[in-house]
A.B. asks: 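There's a structure below that I have some questions on.
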Amino acid sequence: AKAAGRNTYRFFSPGMDAQAHAQLRLENDLRRALDRQELLLHYQPQINAQGRLTGFEALVRWMHPQRGLVPPGDFIGLAEDTGLILPIGEWVLRQACLQARIWALHCAARGRPPLRMAVNLSARQLQRPGLEAVVRQALLDSGLDAGLLELEITESSVMDDPLYTLDVLKGLRQLGVQLSVDDFGTGYSSLAYLKRFPLQRLKIDRSFVDGIPHDEDDVAIVEAIIALARKLKLQVVAEGVETEQQSAVLQRLGCDELQGYAFGRPQASGLIDRLLDTTWRD
Ligand code: C2E
Ligand code: CA
Ligand code: CA
Ligand code: CA
């Protein structure tokens with residue numbers, strides 16, 4: 001089924017167990033989700049040390065006709081296994097660029113600095129030839145300034161084939177987009193490669209942030225990541241910041257930006273529109 005295209009449906013057979021059956025149903029539903037416009041994006045704010053809003057991370061959701069809102073953790077893996085992540089990822093990218101362009105105009109009209117938009121890229125997208133053209137087209141069609149788009153890649157997808165990835169990332173960087181490493185610290189990564197990659201930002205994984213301030217190991221790891229980022233001249237974003245106390249410690253340790261429930265959950269664009277006119281006014 002890995003090579004099966006978007007319009008290829010697999011069929012149920014009598015010998016299948018209930019779990020395989022449910023999985024196959026989900027897969028077939030996911031194949032139709034894009035055409036049926038069941039996918040949507042939520043946007044989670046990122047703030048800097050001064051408490052200013054700097055941008056958003058776009059996070060996909062699936063409004064399933066029977067199941068309701070399905071979180072990405074329940075379908076991204078399936079999308080990756082089936083290759084559906086390619087059309088889905090492209091849709092996410094295009095949609096996020098369009099929304100970012102709207103917010104860029106909104107900010108410009110109010111004399112405020114523009115807001116960045118971060119989009120997650122899966123390993124499959126990164127390995128697929130033509131990614132650069134897809135990104136270029138999304139920027140052209142939306143009119144978004146390339147510098148406002150940030151692409152998040154995970155350590156493991158970078159390390160899959162570092163030499164090929166290096167080439168792809170250089171091409172993306174030439175378009176003017178920003179590049180960040182997501183879930184930093186959770187995967188295997190070669191620091192030698194990290195230095196060679198044209199990156200702008202590291203995102204400290206939530207699992208380390210969770211332990212702050214009580215877990216000494218987590219505090220030490222976060223300190224080490226920030227020190228490493230400084231040496232490599234990278235910005236650091238901490239994700240999964242849920243409490244005031246975590247926020248204070250992370251800022252004291254020198255984190256450049258924070259993201260987490262303490263500052264806002266991922267929300268629909270309409271709710272963000274309202275925030276932009278109220279809470280985030282400066
Ligand atoms: P991620 O890229 O690490 O995204 C951050 C996840 O942490 C999001 O979960 C977000 O809602 C959640 N989060 C944010 N702040 C907090 C917090 O303070 N506490 C806690 N407990 N959680 C927080 P979400 O939206 O369920 O997404 C899960 C994962 O699914 C993402 O992890 C990402 O790996 C993947 N994903 C989401 N959207 C996309 C997409 O468009 N493309 C791809 N390839 N993957 C996506
Ligand atoms: Ca991410
Ligand atoms: Ca992450
Ligand atoms: Ca994660």
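Every number for a ligand or one of its atoms is a count from 1 in the order of the listing.
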A.B. asks: Are any of the N/O atoms on Glu80, whether in the backbone or the side chain, positioned under 3.5 angstrom from an N/O atom of ligand 1?
C.D. replies: no

A.B. asks: Out of the N/O/S atoms in Glu152, what is the name of the one closest to the Ca ion (ligand 2)?
C.D. replies: OE1

A.B. asks: Consider ligand 1: state whether an atom of it lies below 4.0 angstrom from any non-hydrogen atom of Lys203.
C.D. replies: no

A.B. asks: With backbone taken as N, CA, C and O and side chain as the heavy atoms from C-beta onward, which portion of Asp182 lies under 4.0 Å from ligand 1: side chain, backbone, both, or neither?
C.D. replies: side chain

A.B. asks: I'd like to know: is the Ca ion (ligand 2) within the 3.0 Å range of an N/O/S atom from Asp183, strictly under that distance?
C.D. replies: no

A.B. asks: Measuring to the Ca ion (ligand 2), does Glu239 have an N/O/S atom at a distance below 3.0 Å?
C.D. replies: no

A.B. asks: Pairing donors with acceptors under 3.5 angstrom, does anything connect the side chains of Gln127 and Asp161?
C.D. replies: no

A.B. asks: For ligand 1, which atoms sit closer than 4.0 Å to a heavy atom of Pro266?
C.D. replies: 11 (O)

A.B. asks: What I'd like to find out is whether the side chain of Leu53 reaches to under 4.5 Å of the side chain of Leu275, using heavy atoms alone.
C.D. replies: no

A.B. asks: Only one of Leu121, Thr154, Asp205 forms a side chain to side chain contact (heavy atoms under 4.5 Å, CB included) with Asp182, so which one is it?
C.D. replies: Thr154

A.B. asks: Atom CD in Glu257, atom CD1 in Ile204: separation rounded to 0.5 Å?
C.D. replies: 12.0 Å

A.B. asks: Quick one: do the Arg116 and Gln46 side chains pair a donor with an acceptor below 3.5 Å?
C.D. replies: yes

A.B. asks: For Val241, which part has a heavy atom under 4.0 Å from ligand 1: side chain, backbone, both, or neither?
C.D. replies: backbone

